[in-house]
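What follows is a set of notes on a single structure, which appears directly below.
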Amino acid sequence: MSIETFYRDSWAEVDLSAVDYNIKQLKGRLPEEVGIYAVVKANAYGHGDLQIAKQALESGAKALAVSLLDEAIKLREAGIDAPILVMGWVRPGDVEIAARLDVSLTVFQKEWLEEVSRLDLPCTLKLHMKWDTGMGRIGIRSAEEMDILLNGISKNSMLELEAVFTHFATADEEDLDYFQVQSDRLEQLLNHLKKVWKDPVQIHTGNSAASMRFPEHMKHYVRFGISMYGLYPSEVVKREKPIDLHPSFSLKTRLIHVKKLAAGEFISYGATYETQEEEWIGTVPLGYADGWIRKLQGMEVLVDGKRLPIVGRICMDQFMIRLDQEYPLGTMVTLIGKDKGQQEISTDEVADYLDTINYEIPCMISYRVPRIYLKNGQIVEVDNSL
Ligand SMILES: *Cc1c(COP(=O)(O)O)cnc(C)c1O
(Lines give C-alpha, C1' and ligand atoms only; values in the text may rest on other atoms or scores of the structure.)
Protein backbone atom coordinates (compact mmCIF):
# COMPACT_ATOMS: atom_id res chain seq x y z
CA MET A 1 0.00 0.00 0.00
CA SER A 2 1.27 3.40 -0.78
CA ILE A 3 -0.52 6.55 0.23
CA GLU A 4 0.17 10.14 -0.58
CA THR A 5 0.93 11.41 2.87
CA PHE A 6 2.06 10.51 6.37
CA TYR A 7 1.68 11.71 9.91
CA ARG A 8 5.09 11.66 11.51
CA ASP A 9 8.16 13.87 11.51
CA SER A 10 10.69 11.35 10.17
CA TRP A 11 11.25 10.57 6.52
CA ALA A 12 13.78 9.50 3.89
CA GLU A 13 14.35 11.55 0.76
CA VAL A 14 15.22 9.78 -2.47
CA ASP A 15 16.61 12.03 -5.17
CA LEU A 16 15.58 10.56 -8.53
CA SER A 17 17.64 13.19 -10.35
CA ALA A 18 20.72 11.72 -8.66
CA VAL A 19 19.78 8.23 -9.91
CA ASP A 20 19.37 9.69 -13.41
CA TYR A 21 22.77 11.39 -13.13
CA ASN A 22 24.52 8.21 -11.93
CA ILE A 23 23.09 6.09 -14.75
CA LYS A 24 24.11 8.68 -17.32
CA GLN A 25 27.62 8.83 -15.85
CA LEU A 26 27.95 5.06 -16.23
CA LYS A 27 26.52 5.15 -19.76
CA GLY A 28 29.12 7.75 -20.63
CA ARG A 29 31.87 5.44 -19.44
CA LEU A 30 30.64 2.19 -21.00
CA PRO A 31 31.07 1.37 -24.68
CA GLU A 32 27.97 2.48 -26.60
CA GLU A 33 26.66 -1.06 -27.19
CA VAL A 34 26.76 -2.20 -23.55
CA GLY A 35 23.31 -2.17 -21.92
CA ILE A 36 22.42 -1.73 -18.26
CA TYR A 37 20.37 -3.94 -15.95
CA ALA A 38 19.23 -1.73 -13.08
CA VAL A 39 19.49 -3.86 -9.93
CA VAL A 40 16.40 -3.11 -7.85
CA LYS A 41 16.41 -6.08 -5.48
CA ALA A 42 15.55 -5.56 -1.81
CA ASN A 43 13.14 -2.71 -2.56
CA ALA A 44 15.91 -1.05 -4.61
CA TYR A 45 18.38 -1.26 -1.70
CA GLY A 46 15.72 0.42 0.47
CA HIS A 47 15.10 3.29 -1.97
CA GLY A 48 11.75 2.02 -3.32
CA ASP A 49 11.64 -0.53 -6.15
CA LEU A 50 8.84 0.86 -8.34
CA GLN A 51 10.11 4.43 -8.24
CA ILE A 52 13.73 3.47 -8.92
CA ALA A 53 12.77 0.96 -11.62
CA LYS A 54 10.72 3.58 -13.49
CA GLN A 55 13.46 6.19 -13.17
CA ALA A 56 16.20 3.78 -14.25
CA LEU A 57 14.28 2.75 -17.37
CA GLU A 58 13.57 6.38 -18.18
CA SER A 59 17.27 7.16 -17.73
CA GLY A 60 18.33 4.49 -20.19
CA ALA A 61 18.53 1.17 -18.33
CA LYS A 62 17.35 -1.64 -20.64
CA ALA A 63 16.19 -4.14 -18.02
CA LEU A 64 15.74 -4.82 -14.31
CA ALA A 65 17.27 -7.38 -11.99
CA VAL A 66 15.88 -8.59 -8.66
CA SER A 67 16.62 -11.48 -6.30
CA LEU A 68 13.19 -12.93 -5.67
CA LEU A 69 10.26 -13.93 -7.83
CA ASP A 70 8.03 -11.95 -5.46
CA GLU A 71 10.04 -8.82 -6.27
CA ALA A 72 9.61 -9.43 -10.00
CA ILE A 73 5.86 -10.03 -9.64
CA LYS A 74 5.49 -6.75 -7.78
CA LEU A 75 7.15 -4.87 -10.66
CA ARG A 76 5.02 -6.62 -13.30
CA GLU A 77 1.80 -6.02 -11.37
CA ALA A 78 2.69 -2.34 -11.24
CA GLY A 79 2.68 -2.34 -15.03
CA ILE A 80 6.42 -2.42 -15.72
CA ASP A 81 6.93 -4.28 -18.99
CA ALA A 82 10.73 -4.08 -19.32
CA PRO A 83 12.70 -7.35 -19.18
CA ILE A 84 13.09 -8.56 -15.58
CA LEU A 85 15.62 -11.13 -14.36
CA VAL A 86 15.38 -12.98 -11.06
CA MET A 87 19.03 -13.57 -10.09
CA GLY A 88 18.31 -15.91 -7.19
CA TRP A 89 16.93 -19.45 -6.98
CA VAL A 90 13.20 -19.88 -7.57
CA ARG A 91 11.30 -22.99 -6.49
CA PRO A 92 10.67 -25.19 -9.57
CA GLY A 93 6.98 -25.33 -8.65
CA ASP A 94 6.74 -21.56 -9.05
CA VAL A 95 8.29 -21.14 -12.49
CA GLU A 96 4.97 -21.23 -14.32
CA ILE A 97 4.13 -17.84 -12.78
CA ALA A 98 7.43 -16.47 -14.09
CA ALA A 99 6.77 -17.83 -17.59
CA ARG A 100 3.30 -16.28 -17.67
CA LEU A 101 4.64 -12.90 -16.52
CA ASP A 102 7.60 -13.06 -18.93
CA VAL A 103 10.08 -12.94 -16.06
CA SER A 104 13.48 -14.48 -16.79
CA LEU A 105 14.86 -16.96 -14.27
CA THR A 106 18.33 -18.12 -13.28
CA VAL A 107 19.28 -21.74 -14.03
CA PHE A 108 22.31 -23.58 -12.66
CA GLN A 109 21.12 -26.89 -11.22
CA LYS A 110 20.38 -30.04 -13.17
CA GLU A 111 17.85 -31.23 -10.58
CA TRP A 112 16.03 -27.91 -10.94
CA LEU A 113 16.03 -28.15 -14.72
CA GLU A 114 14.74 -31.72 -14.62
CA GLU A 115 11.85 -30.70 -12.40
CA VAL A 116 11.04 -27.68 -14.56
CA SER A 117 11.22 -29.84 -17.70
CA ARG A 118 8.49 -32.09 -16.34
CA LEU A 119 6.09 -29.15 -16.06
CA ASP A 120 3.58 -28.40 -18.74
CA LEU A 121 4.55 -24.76 -19.22
CA PRO A 122 1.88 -22.52 -20.76
CA CYS A 123 4.45 -20.35 -22.58
CA THR A 124 8.17 -19.91 -23.06
CA LEU A 125 10.33 -19.60 -19.96
CA LYS A 126 13.45 -17.48 -20.48
CA LEU A 127 16.55 -18.65 -18.65
CA HIS A 128 19.85 -17.04 -17.72
CA MET A 129 22.52 -19.61 -16.92
CA LYS A 130 24.61 -18.64 -13.89
CA TRP A 131 28.30 -19.47 -13.98
CA ASP A 132 30.19 -19.68 -10.71
CA THR A 133 33.63 -18.49 -11.75
CA GLY A 134 34.73 -18.02 -8.15
CA MET A 135 32.02 -16.38 -6.09
CA GLY A 136 31.22 -19.80 -4.65
CA ARG A 137 27.55 -19.02 -4.21
CA ILE A 138 25.35 -20.34 -7.03
CA GLY A 139 26.21 -21.32 -10.58
CA ILE A 140 27.74 -24.11 -12.66
CA ARG A 141 31.49 -24.48 -12.36
CA SER A 142 32.52 -26.63 -15.32
CA ALA A 143 31.96 -27.23 -19.03
CA GLU A 144 30.50 -30.66 -18.18
CA GLU A 145 27.82 -29.07 -16.01
CA MET A 146 27.16 -26.53 -18.76
CA ASP A 147 26.63 -29.32 -21.30
CA ILE A 148 24.11 -31.06 -19.07
CA LEU A 149 22.08 -27.86 -18.72
CA LEU A 150 22.36 -26.92 -22.41
CA ASN A 151 21.18 -30.39 -23.32
CA GLY A 152 18.19 -30.10 -21.00
CA ILE A 153 17.28 -26.68 -22.37
CA SER A 154 17.60 -27.69 -26.02
CA LYS A 155 15.31 -30.69 -25.51
CA ASN A 156 12.43 -28.55 -24.25
CA SER A 157 10.85 -26.17 -26.74
CA MET A 158 9.31 -24.15 -23.91
CA LEU A 159 12.74 -23.23 -22.53
CA GLU A 160 14.85 -20.48 -24.06
CA LEU A 161 18.43 -19.68 -23.09
CA GLU A 162 18.37 -15.91 -23.13
CA ALA A 163 21.68 -15.19 -21.40
CA VAL A 164 24.63 -16.46 -19.40
CA PHE A 165 26.14 -14.55 -16.51
CA THR A 166 28.65 -14.54 -13.72
CA HIS A 167 29.40 -12.41 -10.65
CA PHE A 168 32.77 -11.13 -9.44
CA ALA A 169 33.73 -11.42 -5.76
CA THR A 170 36.59 -8.91 -5.64
CA ALA A 171 36.04 -6.41 -8.48
CA ASP A 172 36.07 -3.57 -5.91
CA GLU A 173 39.46 -4.43 -4.42
CA GLU A 174 42.97 -3.07 -4.90
CA ASP A 175 44.41 -6.52 -5.54
CA LEU A 176 42.96 -7.79 -8.81
CA ASP A 177 44.57 -11.25 -8.90
CA TYR A 178 41.36 -13.07 -8.02
CA PHE A 179 39.34 -10.90 -10.38
CA GLN A 180 41.74 -12.10 -13.08
CA VAL A 181 41.23 -15.74 -12.04
CA GLN A 182 37.48 -15.27 -12.42
CA SER A 183 37.88 -13.45 -15.75
CA ASP A 184 40.03 -16.31 -17.08
CA ARG A 185 37.49 -18.92 -16.01
CA LEU A 186 34.76 -16.84 -17.64
CA GLU A 187 36.65 -16.79 -20.94
CA GLN A 188 37.17 -20.56 -20.81
CA LEU A 189 33.46 -21.15 -20.26
CA LEU A 190 32.58 -18.67 -23.01
CA ASN A 191 34.90 -20.46 -25.43
CA HIS A 192 33.19 -23.72 -24.63
CA LEU A 193 29.75 -22.17 -25.06
CA LYS A 194 30.69 -20.75 -28.46
CA LYS A 195 31.69 -24.23 -29.61
CA VAL A 196 28.58 -26.06 -28.50
CA TRP A 197 25.75 -23.49 -28.69
CA LYS A 198 24.87 -21.72 -31.91
CA ASP A 199 21.86 -19.62 -30.90
CA PRO A 200 22.45 -16.01 -29.86
CA VAL A 201 22.97 -15.59 -26.12
CA GLN A 202 23.46 -12.41 -24.12
CA ILE A 203 26.35 -12.19 -21.69
CA HIS A 204 26.30 -10.05 -18.57
CA THR A 205 29.08 -9.92 -16.01
CA GLY A 206 29.91 -6.70 -14.20
CA ASN A 207 28.41 -5.29 -11.02
CA SER A 208 28.95 -1.60 -10.17
CA ALA A 209 32.63 -2.07 -9.40
CA ALA A 210 33.53 -4.07 -12.52
CA SER A 211 31.43 -1.96 -14.87
CA MET A 212 32.88 1.34 -13.65
CA ARG A 213 36.49 0.16 -13.38
CA PHE A 214 36.76 -2.11 -16.42
CA PRO A 215 34.17 -0.80 -18.91
CA GLU A 216 36.09 -2.13 -21.91
CA HIS A 217 35.85 -5.71 -20.51
CA MET A 218 32.07 -5.68 -20.23
CA LYS A 219 30.03 -7.87 -22.58
CA HIS A 220 26.43 -7.17 -23.64
CA TYR A 221 25.11 -5.95 -20.29
CA VAL A 222 26.23 -4.88 -16.83
CA ARG A 223 24.25 -5.14 -13.60
CA PHE A 224 24.34 -1.76 -11.93
CA GLY A 225 23.35 -1.70 -8.25
CA ILE A 226 24.99 0.31 -5.47
CA SER A 227 26.45 3.05 -7.66
CA MET A 228 23.12 3.73 -9.35
CA TYR A 229 22.13 4.89 -5.86
CA GLY A 230 25.17 7.14 -5.71
CA LEU A 231 27.50 5.11 -3.49
CA TYR A 232 30.89 3.64 -4.35
CA PRO A 233 31.19 -0.12 -3.78
CA SER A 234 34.35 0.23 -1.70
CA GLU A 235 36.92 2.72 -0.40
CA VAL A 236 39.28 1.69 -3.20
CA VAL A 237 36.75 2.51 -5.93
CA LYS A 238 35.78 5.70 -4.11
CA ARG A 239 39.40 6.84 -4.20
CA GLU A 240 39.80 5.84 -7.85
CA LYS A 241 36.49 7.56 -8.67
CA PRO A 242 36.06 6.11 -12.19
CA ILE A 243 32.85 8.13 -12.52
CA ASP A 244 31.31 10.93 -10.51
CA LEU A 245 28.30 9.89 -8.39
CA HIS A 246 25.54 11.79 -6.62
CA PRO A 247 24.15 10.17 -3.45
CA SER A 248 20.39 9.72 -3.71
CA PHE A 249 19.37 8.81 -0.15
CA SER A 250 19.01 11.02 2.88
CA LEU A 251 17.27 10.53 6.20
CA LYS A 252 15.68 13.28 8.25
CA THR A 253 13.64 13.88 11.34
CA ARG A 254 12.69 16.83 13.58
CA LEU A 255 13.08 17.82 17.20
CA ILE A 256 9.75 17.04 18.87
CA HIS A 257 10.91 17.88 22.40
CA VAL A 258 13.64 20.17 23.75
CA LYS A 259 14.53 20.61 27.43
CA LYS A 260 17.28 21.92 29.69
CA LEU A 261 18.60 19.43 32.23
CA ALA A 262 20.72 20.09 35.30
CA ALA A 263 24.08 18.35 35.74
CA GLY A 264 23.82 14.76 37.00
CA GLU A 265 20.61 13.80 35.17
CA PHE A 266 20.37 10.59 33.14
CA ILE A 267 19.16 9.82 29.62
CA SER A 268 17.28 6.76 28.28
CA TYR A 269 17.18 3.05 29.19
CA GLY A 270 19.91 1.86 31.48
CA ALA A 271 20.73 5.46 32.40
CA THR A 272 23.96 5.15 30.41
CA TYR A 273 24.40 8.87 29.78
CA GLU A 274 24.77 11.40 32.57
CA THR A 275 24.71 15.15 31.95
CA GLN A 276 28.01 16.74 33.00
CA GLU A 277 26.66 20.25 33.29
CA GLU A 278 23.47 22.06 32.43
CA GLU A 279 22.66 20.58 29.03
CA TRP A 280 20.06 21.04 26.32
CA ILE A 281 18.65 17.66 25.27
CA GLY A 282 16.50 17.14 22.18
CA THR A 283 14.25 14.16 21.41
CA VAL A 284 13.48 12.93 17.87
CA PRO A 285 10.72 10.51 16.81
CA LEU A 286 12.84 7.80 15.17
CA GLY A 287 14.37 4.67 16.65
CA TYR A 288 15.56 1.14 16.06
CA ALA A 289 12.20 0.01 14.68
CA ASP A 290 12.88 2.49 11.89
CA GLY A 291 16.28 0.89 11.33
CA TRP A 292 18.30 3.43 13.33
CA ILE A 293 19.79 0.61 15.34
CA ARG A 294 21.00 0.74 18.96
CA LYS A 295 24.65 0.44 17.88
CA LEU A 296 24.32 4.01 16.52
CA GLN A 297 24.40 5.37 20.08
CA GLY A 298 27.15 8.02 20.09
CA MET A 299 26.91 8.68 16.32
CA GLU A 300 26.55 12.31 15.31
CA VAL A 301 23.59 14.00 13.62
CA LEU A 302 23.28 17.42 12.01
CA VAL A 303 21.23 20.18 13.59
CA ASP A 304 21.38 23.62 12.04
CA GLY A 305 24.55 22.68 10.18
CA LYS A 306 26.29 21.46 13.35
CA ARG A 307 27.41 17.95 14.32
CA LEU A 308 25.86 16.89 17.63
CA PRO A 309 25.96 13.47 19.35
CA ILE A 310 23.24 10.93 20.01
CA VAL A 311 23.23 10.40 23.79
CA GLY A 312 21.82 7.49 25.75
CA ARG A 313 20.46 4.29 24.28
CA ILE A 314 18.40 4.48 21.12
CA CYS A 315 14.80 3.40 21.87
CA MET A 316 12.40 1.62 19.53
CA ASP A 317 10.73 4.85 18.36
CA GLN A 318 12.82 7.74 19.71
CA PHE A 319 16.31 8.85 20.64
CA MET A 320 17.97 11.84 22.28
CA ILE A 321 20.60 14.32 21.11
CA ARG A 322 22.86 16.56 23.18
CA LEU A 323 22.21 20.02 21.77
CA ASP A 324 24.65 22.93 22.01
CA GLN A 325 21.85 25.41 22.70
CA GLU A 326 18.08 25.65 22.73
CA TYR A 327 16.43 25.01 19.36
CA PRO A 328 12.80 25.54 18.39
CA LEU A 329 10.50 22.52 18.27
CA GLY A 330 10.31 21.26 14.70
CA THR A 331 13.98 22.01 13.92
CA MET A 332 15.17 19.61 11.23
CA VAL A 333 17.69 16.91 12.21
CA THR A 334 19.67 15.22 9.44
CA LEU A 335 20.86 11.67 10.07
CA ILE A 336 22.11 11.03 6.52
CA GLY A 337 22.65 13.78 3.97
CA LYS A 338 23.48 17.45 3.80
CA ASP A 339 22.21 20.09 6.16
CA LYS A 340 22.11 23.70 5.02
CA GLY A 341 24.66 22.78 2.37
CA GLN A 342 27.44 23.11 4.96
CA GLN A 343 27.92 19.81 6.68
CA GLU A 344 27.24 16.30 5.46
CA ILE A 345 26.86 12.94 7.12
CA SER A 346 27.30 10.40 4.37
CA THR A 347 25.96 6.88 4.19
CA ASP A 348 29.61 5.81 4.14
CA GLU A 349 30.21 7.50 7.50
CA VAL A 350 27.25 5.68 9.07
CA ALA A 351 28.53 2.39 7.59
CA ASP A 352 32.02 3.06 9.00
CA TYR A 353 30.57 3.76 12.44
CA LEU A 354 28.76 0.42 12.31
CA ASP A 355 31.79 -1.38 10.90
CA THR A 356 29.85 -2.48 7.84
CA ILE A 357 29.41 -1.57 4.16
CA ASN A 358 27.28 1.27 2.78
CA TYR A 359 24.97 -1.26 1.04
CA GLU A 360 23.54 -2.20 4.41
CA ILE A 361 22.51 1.29 5.50
CA PRO A 362 19.56 2.23 3.22
CA CYS A 363 18.49 -1.45 3.31
CA MET A 364 18.10 -1.27 7.07
CA ILE A 365 15.89 1.84 7.10
CA SER A 366 12.56 0.13 7.64
CA TYR A 367 9.16 0.20 5.94
CA ARG A 368 8.00 2.49 8.76
CA VAL A 369 9.97 5.44 7.38
CA PRO A 370 8.07 7.15 4.54
CA ARG A 371 10.04 7.84 1.36
CA ILE A 372 9.73 11.23 -0.33
CA TYR A 373 10.79 11.28 -4.00
CA LEU A 374 12.40 14.37 -5.47
CA LYS A 375 13.17 15.36 -9.04
CA ASN A 376 15.05 18.58 -9.71
CA GLY A 377 14.47 19.52 -6.10
CA GLN A 378 10.68 19.15 -6.34
CA ILE A 379 8.61 16.50 -4.54
CA VAL A 380 7.11 14.17 -7.15
CA GLU A 381 5.81 11.36 -4.94
CA VAL A 382 5.34 10.38 -1.32
CA ASP A 383 5.30 6.70 -0.40
CA ASN A 384 4.17 5.65 3.03
CA SER A 385 4.30 1.86 3.02
CA LEU A 386 3.02 1.57 6.58
C1 LIG B 1 23.33 -7.39 -6.08
C2 LIG B 1 23.93 -7.92 -7.30
C3 LIG B 1 24.48 -7.06 -8.25
C4 LIG B 1 24.67 -5.58 -8.02
O5 LIG B 1 25.89 -5.36 -7.34
P6 LIG B 1 26.37 -3.88 -6.97
O7 LIG B 1 27.68 -4.09 -6.30
O8 LIG B 1 25.34 -3.34 -6.03
O9 LIG B 1 26.44 -3.12 -8.22
C10 LIG B 1 24.92 -7.61 -9.44
N11 LIG B 1 24.84 -8.94 -9.69
C12 LIG B 1 24.34 -9.80 -8.77
C13 LIG B 1 24.29 -11.25 -9.09
C14 LIG B 1 23.88 -9.33 -7.55
O15 LIG B 1 23.39 -10.18 -6.65
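In what follows, residues are counted from 1 in the order of the sequence shown. All figures in this text were calculated on a predicted structure; none of them were measured in a lab.
Residues Arg213 and Glu240 are paired through a salt bridge, judged by an N-O separation under 4.0 Å between the basic side chain and the carboxylate. Classification of Lys41 and Glu71 as a salt-bridged pair fails, no side-chain N sitting under 4.0 Å from a carboxylate O. Residues Asp290 and Arg8 are paired through a salt bridge, judged by an N-O separation under 4.0 Å between the basic side chain and the carboxylate. Here Arg100 pairs with Glu96 in a salt bridge; the nearest charged N to carboxylate O distance falls below 4.0 Å. Note on Asp70 versus Lys74: no salt bridge recorded, every NZ/NE/NH1/NH2 to OD/OE distance being 4.0 Å or above. Using a 4.0 Å cut-off between a side-chain N of Lys or Arg and a carboxylate O of Asp or Glu, Lys219 and Glu187 qualify as a salt bridge. For Asp383 and Arg371, the salt-bridge test fails: no basic side-chain N is under 4.0 Å from an acidic carboxylate O. Contact check on Asp317 versus Arg368 returns a salt bridge, with a Lys/Arg side-chain nitrogen under 4.0 Å from an Asp/Glu carboxylate oxygen.
No more than 12 heavy atoms of other residues, nucleotides or ligands lie within 6.0 Å of CD in Gln378, so this atom counts as exposed by the packing criterion. At most 12 non-hydrogen atoms from other residues, nucleotides or ligands lie less than 6.0 angstrom from NZ of Lys155.
By the 4.5 Å side-chain criterion applied to Ile, Leu, Val, Met, Phe, Trp and Tyr, Tyr273 is assigned to a cluster that also includes Leu261, Ile267, Ile281, Val311, Met320.
Criterion: ILVMFWY side-chain heavy atoms under 4.5 Å apart, direct or through other members. Under it, Met135 and Leu189 are not part of a common hydrophobic cluster. Neither Tyr288 nor Ile256 shares a network with the other; the hydrophobic side chains, linked directly or stepwise wherever heavy atoms of I, L, V, M, F, W or Y lie under 4.5 Å apart, form separate groups for each. Linking Ile, Leu, Val, Met, Phe, Trp and Tyr whenever their side-chain heavy atoms come within less than 4.5 Å leaves Phe266 and Ile310 in two separate clusters. A continuous path of ILVMFWY side-chain contacts below 4.5 Å connects Trp280 to Tyr327, so both sit in one hydrophobic cluster. Under a hydrophobic clustering in which Ile, Leu, Val, Met, Phe, Trp and Tyr are joined whenever their side-chain heavy atoms come within less than 4.5 Å, directly or via other members, Leu68 and Val86 fall into different clusters.
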Acceptor/donor pairs from residues 291-304 side chains to any protein atom, 3.5 angstrom cut, sequence neighbours excluded:
| unit_1 | atom_1 | unit_2 | atom_2 | d |
| --- | --- | --- | --- | --- |
| Gln297 | NE2 | Thr272 | OG1 | 3.3 |
| Glu300 | OE1 | Arg307 | NH1 | 2.9 |
| Asp304 | OD1 | Lys340 | NZ | 2.4 |

Enumerate, atom names and distances included, each donor-acceptor pair closer than 3.5 Å involving a side-chain atom of residues 354-361, sequence neighbours excluded.
| unit_1 | atom_1 | unit_2 | atom_2 | d |
| --- | --- | --- | --- | --- |
| Thr356 | OG1 | Glu360 | OE1 | 2.4 |
| Asn358 | ND2 | Tyr232 | O | 2.8 |
| Asn358 | ND2 | Asp348 | OD1 | 2.9 |

Derivation of the side chain to side chain contact (heavy atoms under 4.5 Å, CB included) call for Val196 and His192 = CA-CA 6 Å; Val196 299; His192 182 74; 4.0 Å; yes

query = When you look at Arg223 and Met87, which way does the side chain to side chain contact (heavy atoms under 4.5 Å, CB included) test go after all the steps?
reply = CA-CA 11 Å; Arg223 300 183 306 273; Met87 300 183 291; 3.9 Å; yes

key: Step-by-step salt bridge (Lys or Arg N to Asp or Glu O under 4.0 Å) determination, Glu13 to Lys252   = CA-CA 8 Å; Glu13 289 175 9; Lys252 298 181 177 171; 3.3 Å; yes

inquiry  = Lys110 vs Glu114, test: side chain to side chain contact (heavy atoms under 4.5 Å, CB included). Steps then yes/no.
reply    = CA-CA 6 Å; Lys110 80 173 189 313; Glu114 282 162 8; 4.2 Å; yes

task = Under the side chain to side chain contact (heavy atoms under 4.5 Å, CB included) rule, what do Leu16 and Val380 come out as? Steps first, then yes or no, please.
result = CA-CA 9 Å; Leu16 296 172; Val380 292; 4.1 Å; yes

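To the nearest 0.5 Å, atom CG of residue Leu125 and atom CG of residue Leu119 are 9.0 Å apart. Atom CG of Leu64 sits about 8.0 Å away from atom CZ of Arg76, to the nearest 0.5 Å. Put simply, OG on Ser208 and CG on Leu26 are 8.0 Å apart, with the number rounded to the nearest 0.5 Å. Residue Leu105 holds its CG atom at 6.5 Å from CG of Leu127, rounded to the nearest 0.5 Å. Separating the CG atom in Leu308 from the CZ atom in Arg322 is a distance of 8.0 Å, to the nearest 0.5 Å. Atom CG of Asn22 sits about 10.5 Å away from atom CD of Gln55, to the nearest 0.5 Å.
Just one of Val95, Leu159, Leu113, Val116 meets the side-chain contact (heavy atoms from CB on, under 4.5 Å) condition when paired with Val107; it is Leu113. Each of Phe224, Tyr45, Phe249 was scored for a ring pair (Phe, Tyr, Trp, His ring centres under 6.0 Å) with Tyr229, with one residue passing: Tyr45.
In terms of modelled atom types and a separation under 3.5 Å, the side chain of Ser227 and the main chain of Leu231 share a donor-acceptor contact. Judged purely by atom type and a 3.5 angstrom limit, Glu145 uses its side chain to pair as donor or acceptor with the backbone of Arg141. Between the side chain of Ser234 and the main chain of Val237, a donor-acceptor pair closer than 3.5 Å is present. The closest donor-acceptor contact from the side chain of Ser268 to the backbone of Arg313 lies under 3.5 Å. With hydrogens and angles disregarded, no donor-acceptor distance shorter than 3.5 Å links the side chain of Asp9 to the backbone of Arg254. Between the side chain of Thr253 and the main chain of Val284, no donor-acceptor pair closer than 3.5 Å is present. Distance alone, capped at 3.5 Å, places no donor-acceptor pair between the Lys338 side chain and the Thr334 backbone. Checking side-chain atoms of Trp112 against main-chain N and O of Val90 turns up a donor-acceptor pair under 3.5 Å. With Thr331 contributing its side chain and Leu255 its backbone, the two residues share no donor-acceptor pair below 3.5 Å. In terms of modelled atom types and a separation under 3.5 Å, the side chain of Asp132 and the main chain of Gly136 share a donor-acceptor contact.
You'll find the side chain of Leu75 reaches within 4.5 Å of the side chain of Val66, heavy atoms only. No side-chain heavy atom of Asp339 sits under 4.5 Å from any side-chain heavy atom of Ile345. With contacts defined as side-chain heavy-atom distances shorter than 4.5 Å, the pair Lys27/Glu32 does not qualify. Residues His167 and Asn207 form a side-chain contact, since some pair of their non-hydrogen atoms from C-beta on lies under 4.5 Å apart.
Closest approach of Ala169 and Gly134 over heavy atoms only: CB-O, 4.5 Å. Residue Pro247 comes nearest to Leu245 through the heavy atom pair CD-O, 3.9 Å, listed as atom of the first residue, atom of the second, then distance. The two residues Glu162 and Ser104 come nearest to each other via the heavy atoms OE1-OG, 2.7 Å. Minimum heavy-atom separation, Ser17 to Asn376: OG-N, 2.7 Å. Leu176 and Phe214 get closest at one heavy-atom pair: CD1-CZ, 3.6 Å.
A perpendicular orientation is assigned to the rings of Tyr221 and Tyr37, their planes being inclined by more than 60° (bins at 30° and 60°). Ring planes of Tyr21 and His246: parallel class, angle under 30° (limits at 30 and 60°).
In this model, no donor atom of one side chain and acceptor atom of the other lie less than 3.5 Å apart for Gln202 and His220. Between the side chains of Thr205 and Thr166, no donor-acceptor pair of N or O atoms lies under 3.5 Å.
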